[in-house]
> 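Supplied in structure tokens, the structure appears directly below.
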Amino acid sequence: MTETDVQERPLRQSAKKAERFDVLIVGAGISGVGGAYHLKHQCPGTSYVVLESQTSYGGTWITHRYPGIRSDSDLYTFGYRFKPWVGAPIASAAEILRYMGEVIEENDLAPHIRYQQKILSARWSSKDNLWTIEAVRTDTGETMRYEANFLWMCQGYFRHSEGYTPEWEGTDSFKGRIVHPQNWPEDLEYKGKNVIVIGSGATAATLVPAIAGDCAHVTLLQRSPTFFITGRNANDLANTLRELKIDETWIHEIVRRKVLFDQEAFTRRCIAEPEKVTADLLGAVRAFLGKDYDIETHFTPSYRPWRQRIAFIPDGDLFKGISSGKASVVTDEIERFTEKGILLKSGTTLEADIIVTATGFNLNVLGDIAFEIDGRPLDFSETVTYRGMMFTGVPNMAWVFGYFRASWTLRSDLVADFVCRLLNHMKAKGAKRVVPVLRPEDKDMPLLPWMDSENFNPGYLMRGMHLLPKRGDKPEWRHSQDYWSEKDELPAIDLDDKAFLYG
Ligand SMILES: Cc1cc2nc3c(=O)[nH]c(=O)nc-3n(C[C@H](O)[C@H](O)[C@H](O)COP(=O)(O)OP(=O)(O)OC[C@H]3O[C@@H](n4cnc5c(N)ncnc54)[C@H](O)[C@@H]3O)c2cc1C
């Protein structure tokens with residue numbers, strides 16, 4: 001049964017009484033599994049359950065099954081703070097899943113995770129200080145009911161059931177197959193075929209070299225270029241420390257610090273001297289593609305580096321595919337699909353047997369769950385974010401949204417520390433409820449869209465900004481994307497600040 005079926009099919013009511021937990025975690029991706037780990041270790045005695053709509057843990061890393069699927073950040077920082085990463089920095093989805101599986105096994109988290117349960121609604125009652133959660137079992141259609149004092153939203157940022165595909169004229173007339181990487185068909189036979197991959201982000205850049213060897217030819221078709229950074233898929237410091245027989249726990253911590261130190265320096269450079277950084281990045285691409293290649297058209301973005309995530313290309317594999325002639329890049333706009341391929345605005349036609357639309361995600365605000373507070377539907381766009389972790393007027397709920405420019409998990413670990421500290425604080429105070437509220441000094445604060453598009457502007461965010469909470473102009477009411485300030489600020493939050501109303 002698919003997620004779409006679940007939404008369309010009438011629910012089979014369960015006579016079972018609601019099960020009650022202290023905390024309910026939504027999603028068993030990197031954030032939800034991390035949340036379960038932190039709860040277990042930082043809040044012993046707290047009862048919890050993790051509900052996941054898919055058949056297993058992993059989130060992003062089981063949803064995406066296209067050839068070559070891999071991380072684009074290093075696993076020393078994408079890995080959890082508490083579990084050493086011992087492989088090459090850039091990892092395949094299979095390696096990430098193995099790592100997460102070890103976290104689950106080593107900490108006995110499996111009994112707390114329930115799979116194939118898609119949460120449809122969550123209703124808060126101030127009278128009972130409880131969330132009532134309704135989920136549907138995706139295998140049987142049965143409705144499951146839970147009650148929880150605290151909801152920990154680890155649902156990620158995109159809708160897992162379906163990726164984003166723009167509407168193009170003529171797609172019905174195309175005689176070949178159109179595929180979105182988020183729903184990669186197991187039976188897709190691309191050997192010896194001509195393939196067009198539409199897109200310019202990390203997914204397209206991963207997919208093209210992964211299939212180029214097997215295809216007759218792969219064309220990466222992009223409207224505009226993206227920045228890439230190349231390097232070896234190895235960490236010299238980690239390798240040296242291993243030769244010195246240093247303990248893996250130490251290696252993990254030392255290499256994390258070094259990676260973060262280098263990233264901070266790079267981010268600073270991007271802001272201080274964007275032209276020089278651009279020249280360096282393009283110089284690295286030119287080293288692979290040669291002086292006659294048209295880097296200006298195909299690899300020189302119009303935006304400043306770091307406004308969008310810079311994808312890492314390990315060992316320059318995308319560029320090697322292009323220099324070998326097995327892959328090529330076309331920078332143009334789509335006029336329409338035709339029977340045989342794509343007609344471009346320039347008048348050129350690209351022929352293909354398969355067209356892959358690596359065109360991004362549909363933003364998923366809080367798991368597509370219908371929320372209610374004391375009988376009133378909750379519209380998140382009417383709330384203000386508390387440091388990108390909680391929302392004004394929404395009791396007992398924390399939200400995990402990681403970093404765009406640094407590894408997601410750095411923030412999911414920090415948010416987990418905050419949630420555990422908050423839960424322990426509530427327990428110590430005997431409070432059953434905490435709700436972020438604007439303080440008297442915040443009353444006239446200007447409210448702005450959640451993210452400053454001058455700062456970060458990927459398509460899925462721009463398309464969904466109107467659905468997201470608002471931000472203010474003070475640190476408490478902003479969703480910072482800066483790990484280097486948050487690593488000190490979040491642990492120092494005063495939980496008795498007037499921004500938290502306890503009950
Ligand atoms: C191809 C790809 C590569 C990426 N590479 C990197 C990278 O290298 N570095 C980086 O930092 N980030 C990367 N990201 C971003 C990535 O999504 C996050 O880093 C991270 O994996 C997100 O973890 P998560 O647990 O927060 O969310 P997800 O992985 O999205 O997991 C959320 C889980 O919640 C479940 N869920 C959602 N709604 C409900 C509901 N209503 N009921 C029940 N379950 C629900 C989903 O089924 C899913 O399993 C990448 C993203 C993609 C798509």
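Here, residue 1 is the first one in the sequence, and each next residue gets the next number. Start at 1 and go down the list; that is how both ligands and their atoms are numbered.
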> Determine whether a donor-acceptor pair (N or O, by modelled atom type, separation under 3.5 Å) exists between the side chain of Ser92 and the backbone of Glu95.
yes

> For ligand 1, which atoms, with element, lie under 4.0 Å from some heavy atom of Ser71?
8 (O)

> Report yes or no: does a heavy atom of Ile90 sit under 4.0 Å from some atom of ligand 1?
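Under 4.0 Å: no for Ile90.
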
> Which atoms of ligand 1 have any heavy atom of Tyr66 under 4.0 Å away?
1 (C)

> Return yes when atom CZ of Phe261 has more than 12 non-hydrogen atoms of other residues, nucleotides or ligands closer than 6.0 Å, and no otherwise.
no

> Would you sort out whether Arg98 and Glu102 count as a salt bridge (charged side-chain N to carboxylate O under 4.0 Å, His left out), showing the intermediate values?
CA-CA 6 Å; Arg98 201 174 316 127; Glu102 285 170 14; over 6 Å; no

> What's the verdict on ring-ring contact (aromatic ring centres under 6.0 Å, His included) for Trp450 and His479, showing C-alpha distance, side-chain angles and the deciding distance?
CA-CA 7 Å; Trp450 178 64; His479 187 149; 4.9 Å; yes

> Output the list of atoms in ligand 1 that are nearer than 4.0 Å to some heavy atom of Ile69, sorted by atom number.
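By the 4.0 Å cutoff, the relevant atoms are 1 (C).
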
> Contact between Phe312 and ligand 1, counting heavy atoms under 4.0 Å?
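So Phe312 does not count as touching ligand 1.
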
> So, does Gln182 use its side chain to make a donor-acceptor pair with the main chain of Arg159 at under 3.5 Å?
yes

> Which of the listed options, Gln155, His64, Gln54, holds the heavy atom that is closest to atom 37 (C) of ligand 1?
Gln155

> Go through ligand 1 atom by atom and flag the ones less than 4.0 Å from a non-hydrogen atom of Gly27.
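By the 4.0 Å cutoff, the relevant atoms are 33 (C), 34 (O), 35 (C).
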
> Once you restrict to heavy atoms under 4.0 Å, what part of Cys154 touches ligand 1? Side chain, backbone, both or neither.
backbone

> Measure from atom 42 (N) of ligand 1 to every heavy atom in Ile119, Thr138, Leu366 and give the option owning the shortest one.
Ile119

> Could you tell me which atoms of ligand 1, counted from 1 in the order shown, lie closer than 4.0 angstrom to a heavy atom of Ser53?
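Listed by number with element, the hits are 43 (C), 44 (N), 45 (C), 47 (O).
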
> For Gln182, is the nearest heavy atom under 4.0 Å from an atom of ligand 1?
no

> Please determine whether any non-hydrogen atom of Tyr57 lies less than 4.0 Å from an atom of ligand 1.
no

> Between the side chains of Thr331 and Gln222, does any donor sit under 3.5 Å from an acceptor?
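Yes - a donor-acceptor pair under 3.5 Å links their side chains.
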
> Ignoring hydrogens and geometry, is there a side-chain-to-backbone donor-acceptor pair from Lys258 to Leu237 under 3.5 Å?
no

> Find all atoms of ligand 1 within a distance of less than 4.0 Å from any non-hydrogen atom belonging to Ile369, and give their numbers and elements.
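Within the 4.0 Å cut-off of Ile369, ligand 1 contributes 41 (N).
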
> Within ligand 1, which atoms have a heavy atom of Phe78 less than 4.0 Å away?
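Checking each atom against Phe78, I get 9 (N), 10 (C), 11 (O), 12 (N), 19 (O), 21 (O).
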
> Is Glu106 atom CD crowded by more than 12 heavy atoms from other residues, nucleotides or ligands, each under 6.0 Å away?
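Yes, CD of Glu106 has more than 12 neighbouring heavy atoms, counting only those of other groups under 6.0 Å.
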
> Could you say whether the N/O atoms of Arg70 and ligand 1 ever approach to under 3.5 Å?
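Min N/O separation from ligand 1 is not below 3.5 Å for Arg70.
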
> So, Asp417 versus Gln42: side-chain donor-acceptor pair below 3.5 Å or not?
yes

> Is a side-chain N or O of Trp61 found less than 3.5 angstrom from the main chain of Thr63, in a donor-acceptor match?
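Pair absent, no side-chain N/O of Trp61 close to backbone of Thr63.
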
> Nearest non-hydrogen atom to atom 31 (O) of ligand 1 belongs to which of Gly59, Gly360, Ser412, Gly163?
Gly59

> Is it true that Gly402 lies under 4.0 Å from ligand 1, counting heavy atoms only?
no

> I want to confirm something. Looking only at heavy atoms, which of Trp408, Phe401, Tyr403 is nearest to atom 22 (C) of ligand 1?
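Checking each option, the heavy atom nearest atom 22 (C) of ligand 1 is found in Trp408.
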
> In this structure, does ligand 1 have an atom that sits under 4.0 Å from one of the heavy atoms of Val400?
no

> Is a salt bridge present between Arg269 and Asp280, judged by a nitrogen-to-oxygen distance below 4.0 Å?
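Yes, Arg269 and Asp280 are salt-bridged.
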
> Looking only at heavy atoms, is any part of Phe404 under 4.0 Å from ligand 1, and if so is it the side chain, the backbone, or both, or is it neither?
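The answer is neither.
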
> Judged by atom type as modelled, is there a donor-acceptor pair below 3.5 Å linking the side chain of His112 to the main-chain atoms of Val50?
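Flag not set: sc His112 to bb Val50 has no pair under 3.5 Å.
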
> At a 4.0 Å threshold, what atoms of ligand 1 neighbour a non-hydrogen atom of Ser407?
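Result: 11 (O).
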
> Return a yes/no value for Ser31: is any of its N or O atoms, backbone included, closer than 3.5 angstrom to an N or O of ligand 1?
yes

> Out of Phe361, Trp61, Phe158, Tyr157, whose heavy atom is nearest to atom 21 (O) of ligand 1?
Trp61

> Determine, using heavy atoms of Tyr115 and all atoms of ligand 1, whether some pair is separated by less than 4.0 Å.
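In this structure, Tyr115 fails to qualify as a contact of ligand 1 - no heavy atom is under 4.0 Å.
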
> Could you name the option among Thr60, Ile30, Val33, Leu207 that has the heavy atom nearest to atom 17 (O) of ligand 1?
Thr60

> Please answer whether the main-chain N or O of Trp131 pairs with a side-chain N or O of Asn396 as donor and acceptor at a distance below 3.5 Å.
no

> I would like to know whether Glu248 and Lys83 meet salt bridge (charged side-chain N to carboxylate O under 4.0 Å, His left out); could you show each step before the answer?
CA-CA 9 Å; Glu248 285 294 346; Lys83 164 130 176 117; over 6 Å; no

